[in-house]
There are 2 protein chains.
Amino acid sequence: MAQKIKLSTIADALGVSTATVSLALRDSPLVADATRDRIKEHARAIGYIYNRRAASLRTSRSGIVGVVVHDIMNPFFAEILRSIETELDRSRQTFLLSNHYDQLEKQRSFIDTLLQLGADGVIMSPAIGTPREDIQLMEDNGLPAVLVARSVEGAQVPVFRGDDSYGIGLATNHLISLGHRRIVMIGGTDQTSTGRHRYQGYVIAMQKAGLEVQPHWRIPGPRTKQAGFEVAGQFLALQDKPTAAVCWNDLVAIGLMNGIARAGLVPGTDISVTGYDDLEEAAIATPALTTVWNGQRDVGRRAARALLDRLNGIVVQPSQELIKPELHVRQSTGKPVERG
Amino acid sequence: MAQKIKLSTIADALGVSTATVSLALRDSPLVADATRDRIKEHARAIGYIYNRRAASLRTSRSGIVGVVVHDIMNPFFAEILRSIETELDRSRQTFLLSNHYDQLEKQRSFIDTLLQLGADGVIMSPAIGTPREDIQLMEDNGLPAVLVARSVEGAQVPVFRGDDSYGIGLATNHLISLGHRRIVMIGGTDQTSTGRHRYQGYVIAMQKAGLEVQPHWRIPGPRTKQAGFEVAGQFLALQDKPTAAVCWNDLVAIGLMNGIARAGLVPGTDISVTGYDDLEEAAIATPALTTVWNGQRDVGRRAARALLDRLNGIVVQPSQELIKPELHVRQSTGKPVERG
DNA sequence: CTGAAAGCGCTTACAG
DNA sequence: CTGAAAGCGCTTACAG
């Protein structure tokens, strides 16, 4: 890489100032058309590479937006990410992605990196236990934030998430209307707002139907296919032989169905199972999964737009935006079957 | 955010020079211990944020490593990414992730961004059709590259990938040894080196066993669960009723098994199916999937190390590093069963 | 419509 | 062990 090519290289070669080159490359109307064309053509010809660090140091805008989630490999976040990506691409923002794996330290170190790079904003699904001070720190340092999926008590920023209590209610009511009485909730944790909301939704639906809620009908924890699979034995061994399971998400539901099948029972027939999220995979599972569509695409799109608005100086009020979930009925639920 | 805090803010407050502050914050032995401690403590107390853009402009190292793959949501890449992440974290490099979805334009625009940000290096699984000039452009502009999963003809950079021809041979031979004669290969494309290598491996294994290879025994295309599911009908309708399918990857295999089950046949009994990659999911599929472990973790780890070596000035010879795959036999394969 | 000059916030020889 | 000064490559008033 012979000699580093910079604005002044072009300016010198064409006998103009760097100011003119800078303006020309950014299509400023201040530059005469002929001059602009000459400059752009020359820049292209010699392979000029714009130095964004220098520009960003000067303008204090970096064109970088950070996105932090629990785990990008989780298909639920994957769908949110895809719609965020689409939205940000449109505004030519580069997006910097990171997993925090629910470790506060990882999340903090990423936020630190964003601050150091002068990122323009951040979209995050906060790690379990994120204190509102961590959110405030970003805002105080000029890094506007928007939350998705989970909220942080007391944080003064917009939040976009599904209406979890309502959504799990849809699944629970569906099972109740099919005639199920002994319904277990599998997965999730009280440590997240989402976890608390979903469990509440289940409890409320059961109580409204006049059904008792047994403490041992909650198997907390599982959030992955693997975990759903592993918990099948424990579920099937419950004394009072529940006939249905409301699962934390589609991954847990699919894992559980695999575990049920492995135990010689037929999911959807012997045991009814519901998921949550309506991932692409839900429709092709065996049996096809009855689940709750969680509006991932909307969450991502609306969060990205809210952030872009903030970047463009539009004031976005801190608020909780609840996306309404929808029940999608498929073959994994049916009338209850009593097991010997 | 009152007044921007910078090195000189600290220098002024403590009556030292910015040079001393800069050195102290980076633990330079040139600074007296007492001075260093005083500076670091003050920096922490007033909430100083290091400006990496300024530093990077000066030093021309950014601490950023780009990672580009087809699709981060694909579990195959997910596992590679996780091991890259672990490796880079250790060297305190920030990693900038992007999907190219096999669109050359997306890939180019990301590479451009990396060049503009002054990234230190890049690890990529090149998009279909990537010309070697695109790789050369990065190298010429001081952005060292390392390839994973796919190679680019003629590119002078290190490549880490599985031995695809050998690996698919393991799966094919396994089916042949069970007694299968009519074996179909489903998925993949000749447009990628991986696709060509895997099909070759299948053909070679068939021929070595003295079996004829029928052109219609190849159903190219599918690479996702959804696509595997959809192609089941076409597969089951083949005139000569093949008894087994060698699939492009685990996703296709799992989708196909779901499709077979939906058609009323029992995968693993009526039809033998093999996958490729050995994703976590393979072990919990119903039936558990016989598949080829593709060394994702090794690929990621070794690629990251090679790049870090290059960043540290160690010369890494361009070479093709083939990771040896292993066959993992489970329940999705068995003796052939002739269908009416 | 174009140019000369200052400045973004660091780091790095160099001098003492 | 510490400081004064130059410079990384841009952009932005300002002047003409």
Below 4.5 Å, heavy atoms only, C-beta onward: do B:Val299 and B:Arg161 meet side chain to side chain? no
Should B:Ile128 and B:Leu104 count as side-chain neighbours, where that means a heavy-atom distance under 4.5 Å? no
Got a sec: does the CZ of B:Arg310 have more than 12 other heavy atoms crowding it under 6.0 Å? yes
Might you work through the salt bridge (charged side-chain N to carboxylate O under 4.0 Å, His left out) test for A:Asp71 and A:Arg223, ending with a clear yes or no? CA-CA 12 Å; A:Asp71 186 355; A:Arg223 292 197 283 175; over 6 Å; no
May I ask you to evaluate whether B:Thr20 reaches the phosphate of D:dG3, defined as a side-chain N or O under 4.0 Å from OP1 or OP2? yes
If a pair means Watson-Crick or G-U wobble with both distances below 3.5 Å, what does DNA chain C look like in dot-bracket form, with | marking bases paired to a different strand? |||.||||||||.|||
Name the one of A:Val122, A:Thr130, A:Asp140 that satisfies side chain to side chain contact (heavy atoms under 4.5 Å, CB included) with A:Ile135? A:Thr130
For the residue pair B:Thr86 and B:Arg90, confirm or rule out a side-chain donor-acceptor distance under 3.5 Å. no
Categorize A:Gly15 for me: base, sugar-phosphate, or nothing, with a 4.0 angstrom heavy-atom threshold over every strand shown. sugar-phosphate
What does B:Ser60 touch in the nucleic acid at a heavy-atom separation under 4.0 angstrom: a base, only the sugar-phosphate, or nothing? nothing
Classify the ring geometry between B:His70 and B:Tyr101 as parallel (under 30°), tilted (30 to 60°) or perpendicular (over 60°). perpendicular
Minimum heavy-atom distance between A:Arg53 and B:Leu117, given as atom pair plus value: CD-O, 3.4 Å
Sugar-phosphate or base contact per nucleotide [nucleotides 8-16 of chain D; S, B, -; heavy atom under 4.0 Å]: BBBBB----
